[in-house]
Amino acid sequence: MTDELHHSTEEELRQHRIAKLERIRARGDEPFKYTFARTHAIAEARASFEKAETAATPDAPAETAAALAGRLVSRRGQGKSTFADLRDETGKIQVFFGQRQVGEEAYTALKDVDIGDFIGAHGMVRRTRAGEITLFADRYEILTKSLRALPEKYHGLTDVETRYRQRYLDLVANPETLDRFRARARVIDLMRRWLADRGFLEVETPMLHPIPGGATARPFITHHNTYDTDLYLRIAPELYLKRLIVGGFEKVFEINRCFRNEGVDTRHNPEFTMMELYEAYQDYLGLMDETEELLVHIIENVAGGAAFTYQGETIDAARPWKRMTLFEAIREHAGIDLEATRERDGAGRLAQSAGVEVAPEMGYGAIVDEVMAAKVRPQLVQPTFLYDYPIELSPLAKKKRGNPALTERFQPFVARLEIGNAFSELNDPMDQRERFVEQVRLREAGDDEAQYLDEDYITALEVGMPPTAGLGIGIDRLTMLLTDSASIREVILFPQLRPLK
RNA sequence: GGGCGGGUAGCUCAGGUGGUAGAGCAUCGGACUUUUAAUCCGGUGGCCGCGGGUUCGAGUCCCGCCCCGCUCACCA
């Protein structure tokens with residue numbers, strides 16, 4: 001069926017606007033201009049006017065000359081005068097168009113200006129009788145004609161699917177969306193500066209990996225034509241960053257995308273942003289202090305203090321954060337002692353006694369992980385570090401001093417969200433090889449998330465990596481916390497949705 | 001993949017028990033030189049997610065499918 005037969009309203013609205021565009025062209029104007037010389041951003045114009053007002057008198061009221069540009073977001077016409085709201089990235093200002101002031105011809109041409117168009121206007125900023133700071137236009141020009149209707153002015157755009165699929169509409173219609181992504185940028189900026197101030201070097205390592213590594217996850221596979229070889233979108237930058245420590249850099253970090261071919265939900269997007277840092281001559285306990293410092297620094301600067309609200313709960317991130325070992329946390333919240341037994345079936349029975357389902361294929365590590373996810377994590381509302389994880393769960397982490405069943409690993413949790421992962425890095429190449437071999441065994445037994453053996457990485461460790469601690473922080477989740485977002489899609493500009501056919 | 005909820009005009013939403021699809025905003029025409037969710041008068045606009053079925057008759061009931069959200073499972 002054709003559009004003509006459908007007679008869609010949307011298409012009619014568009015045709016009206018195209019007719020206006022043609023009228024604009026017909027009178028020799030260009031509806032898609034190249035530049036406009038603004039004198040102020042809108043917020044600057046308001047500030048400058050308010051400053052002028054402090055020196056004004058009743059006989060000489062304040063006024064400021066300005067040329068402003070932005071998107072027209074509403075209009076109130078009354079015959080020979082029209083009020084409109086003009087918005088740019090910094091703010092909004094009312095513009096007054098009077099027939100006498102702009103001239104009859106230009107006033108009539110306002111009929112061809114729609115909500116959504118970009119315009120530039122010159123005039124004086126004054127207050128109206130109602131007290132509204134207003135640009136009284138003496139001339140204006142159409143900068144860009146918009147051919148589509150904007151979402152409704154009062155309710156905005158609420159349909160989540162449209163908000164995600166057409167984020168530009170969400171950004172136009174919902175100022176809080178702009179704010180949320182400004183907060184995200186601020187989180188990243190604060191993190192980058194904090195790291196740079198402490199001598200960390202920002203580096204870029206490959207996104208295309210011949211062997212996916214550095215995490216336990218299924219990768220996306222792609223193909224390189226010239227080399228006729230499959231490559232994997234990275235699941236983590238970890239192994240490359242540690243190669244840099246081998247090479248002689250002592251403090252490096254990377255902030256960029258990782259890709260995991262797994263489920264999508266409120267906490268997972270197939271591509272997400274991670275910060276990973278590695279610091280030579282540091283261990284996990286020292287890094288725990290630094291992590292706390294970094295996170296509190298970001299929280300204080302984004303939330304305006306150590307305390308903030310997430311989904312109705314008050315989170316107090318004031319230092320020091322609570323610290324407990326994973327097994328202590330399990331004892332406290334699940335009421336069982338999984339540390340007492342290292343034996344798989346015994347651990348399984350204990351887990352089941354605590355009400356956690358245990359599948360037959362789960363090993364000791366998986367059981368501990370499951371109990372943590374089911375019984376411990378839901379209790380970790382206030383910022384908490386869990387540390388000392390079983391070796392089965394952490395193939396890249398160094399064995400704990402004095403207890404080879406554990407690794408020197410920690411994870412920060414805030415508001416039930418796991419926002420990072422860190423450890424004393426395993427730098428013993430022979431131990432690392434054994435761990436990889438175990439992963440390969442798991443893989444061959446059918447665990448498609450087990451890690452691959454990366455010979456070159458082992459070679460690098462044989463060259464020698466100094467004692468090193470490493471940390472990963474999920475930028476998206478940290479941003480969720482600080483923007484009170486229930487879903488990761490709210491903090492990713494273009495979240496992955498099923499493509500429309 | 002399972003469970004629950006949703007999909008009606010461009011946007012935001014109504015549409016007891018089946019009986020000619022509604023409102024506000026936007027849009028179009030008209031009035032109006034101080035409005036600011038402007039106001040007043042008049043109009044246009046609908047594959048009611050898609051496909052079957054039941055029925056004299058389906059937005060409404062039944063079946064299947066698609067898309068979205070939440071949730072469980074897996075994962076960060």
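Since the model is a prediction, treat every value here as computed from it, not as a measurement. Throughout, a chain's letter reflects where its sequence line sits, starting with A, and its residues are numbered from 1.
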Have a look at A:T266 and say if it touches a base, only the backbone sugar-phosphate, or nothing, with a 4.0 Å heavy-atom cut-off. sugar-phosphate

Side-chain N,O (A:R498) to OP1/OP2 (B:C66) below 4.0 Å: no

How far, in whole Å, is B:C70 from B:G24 if one measures between their C1' atoms? 29 Å

Can you tell me how far P in B:U12 sits from the matching atom in B:G19, rounded to whole Å? 27 Å

Just call it for A:T162: base, sugar-phosphate, or nothing, with non-hydrogen atoms closer than 4.0 Å on any strand. nothing

Can you tell me how far P in B:A21 sits from the matching atom in B:C13, rounded to whole Å? 24 Å

Would you say the side chains of A:T177 and A:R167 form a donor-acceptor pair under 3.5 Å? no

Expressed as a whole number of Å, how far does the P atom of B:G57 sit from that of B:G18? 15 Å

Below 3.5 Å, can you tabulate the donor-acceptor pairs from side chains in residues 413-423 of chain A to any protein atom, sequence neighbours excluded?
from	atom 1	to	atom 2	distance (Å)
A:R416	NE	A:P378	O	2.8
A:R416	NH1	A:E313	OE1	2.8
A:R416	NH2	A:E313	OE2	3.4
A:E418	OE2	A:Q411	NE2	2.5
A:N421	OD1	A:R409	NE	2.8
A:N421	OD1	A:R409	NH2	3.3

Taking only N/O atoms, report every protein-nucleotides 4-8 of chain B pair under 3.5 Å with atom names and distance.
none

Just how far, in rounded Å, is P of B:C68 from CG of A:D170? 17 Å

Heavy atoms from other residues, nucleotides or ligands near CD of A:E204 exceed 12 (cutoff 6.0 Å): no

According to a strict under-4.0 Å criterion, is A:K20 in side-chain N/O contact with OP1 or OP2 of B:C28? yes

Using atom types as modelled, flag every donor-acceptor pair under 3.5 Å from a side chain in residues 135-144 of chain A to any protein atom, sequence neighbours excluded.
from	atom 1	to	atom 2	distance (Å)
A:Y140	OH	A:A106	O	2.8
A:Y140	OH	A:L110	N	3.2

Consider only side-chain N and O atoms of A:E276 and A:Y278, and report whether a donor and an acceptor are under 3.5 Å apart. yes

Gap between atoms CD and C1', on A:Q15 and B:U44 respectively (whole Å): 15 Å

Same-atom distance (C1') from B:G59 to B:G2, integer angstrom: 29 Å

Need one value for A:E449: base, sugar-phosphate or nothing, where a base atom within 4.0 Å counts as base even if backbone is also close, heavy atoms only. sugar-phosphate

Taking atom C1' in both B:A14 and B:C48, compute the distance separating them and give it to the nearest angstrom. 13 Å

When both hydrogen-bonding distances must be under 3.5 Å and the geometry is Watson-Crick or G-U wobble, what is B:G69 paired with, if anything? B:C4

I'd like the P distance from B:G10 over to B:G46, given in whole Å. 8 Å

When you compare B:G7 with B:C47, how far apart are their C1' atoms, in angstrom units rounded to a whole number? 14 Å

Considering only side-chain heavy atoms of A:E10, which listed nucleotide, B:A26, B:C74, B:G10, is closest? B:G10

Partner lookup for B:G64, please. Criteria are Watson-Crick or G-U wobble with both distances under 3.5 angstrom; report none if nothing qualifies. B:C50

Please name all residues satisfying salt bridge (charged side-chain N to carboxylate O under 4.0 Å, His left out) with A:R180, sequence neighbours left out, ordered by chain then number. A:E490

Counting any heavy atom closer than 4.0 Å, what does A:D265 reach on the DNA or RNA strands: base, sugar-phosphate only, or nothing? base

Check against side chain to side chain donor-acceptor pair (under 3.5 Å), A:Y310 and A:S485: CA-CA 8 Å; A:Y310 183 71; A:S485 300; over 6 Å; no

Out of B:C68, B:A76, B:U44, which has the shortest distance to the side chain of A:E12? B:U44

Taking only N and O in the side chain of A:R477, is any of them less than 4.0 Å away from OP1 or OP2 of B:A76? no

If you take all heavy atoms of A:Y364 and A:L338, which pair is closest and at what distance? OH-O, 2.8 Å

Regarding the side chain of A:L13, the nearest nucleotide among B:G10, B:A76, B:C70 is B:G10

Expressed as a whole number of angstroms, how long is the span from A:L150:CG to B:U12:C1'? 14 Å

Under 4.0 Å, counting only non-hydrogen atoms across every strand here, what does A:N269 touch: a base, just sugar-phosphate, or nothing? base

Is A:R443 close enough and on-axis enough to A:Y452, meaning under 6.0 Å and within 45°, for cation-pi? yes

Is any side-chain nitrogen or oxygen of A:T158 closer than 4.0 Å to OP1 or OP2 of B:C13? yes

Measure from CG on A:L497 to P on B:C67 and round the result to the nearest Å. 11 Å

Gap between atoms CD and C1', on A:E490 and B:C68 respectively (whole Å): 13 Å

With sequence neighbours left out, what residues match A:D117 under side chain to side chain donor-acceptor pair (under 3.5 Å)? A:K145

Between A:R75 and A:G156, who's closer to the 5' end of RNA chain B by nearest nucleotide? A:G156

Interatomic distance where CZ belongs to A:R267 and C1' belongs to B:U71 [whole Å]: 10 Å

Paired with B:U12: which nucleotide, if any, by Watson-Crick or G-U wobble criteria at under 3.5 Å for both distances? B:A23

If we call it a pair only when both distances are under 3.5 Å in a Watson-Crick or G-U wobble match, what pairs with B:U36? none

Do you know which two heavy atoms are closest between A:V356 and A:A374, and how far apart they sit? CG2-CB, 4.2 Å

Hey, is the side chain of A:R489 poking within less than 4.0 Å of OP1 or OP2 on B:G69, counting only N and O atoms? yes

A:E262 CD to B:A73 P, in whole Å, measures 15 Å

Which whole-number value in Å describes the distance from A:E11 CD to B:C28 C1'? 16 Å

All N/O pairs under 3.5 Å across the protein-nucleotides 30-37 of chain B interface:
from	atom 1	to	atom 2	distance (Å)
B:C32	N3	A:G79	N	3.1
B:C32	N4	A:G79	N	3.3
B:U33	OP2	A:K80	N	3.1
B:U33	O4'	A:S81	OG	3.2
B:U33	O4	A:R100	N	3.4
B:U34	O2'	A:R129	NH2	3.4
B:U35	O4'	A:Q78	NE2	3.3
B:U35	O2	A:R76	NE	2.8
B:U35	O2	A:R76	NH2	3.3
B:U35	O2	A:Q94	OE1	2.9
B:U35	N3	A:Q94	OE1	2.8
B:U35	N3	A:Q94	NE2	2.8
B:U35	O4	A:Q94	NE2	2.8
B:U35	O4	A:T128	OG1	2.9
B:U36	O4'	A:R76	NE	2.9
B:U36	O2	A:Q94	OE1	3.4
B:U36	O2	A:E132	OE1	3.4
B:U36	N3	A:E132	OE1	3.4
B:A37	O3'	A:K153	NZ	3.4

Smallest heavy-atom separation, A:H40 atom then A:S48 atom, equals NE2-OG, 4.0 Å

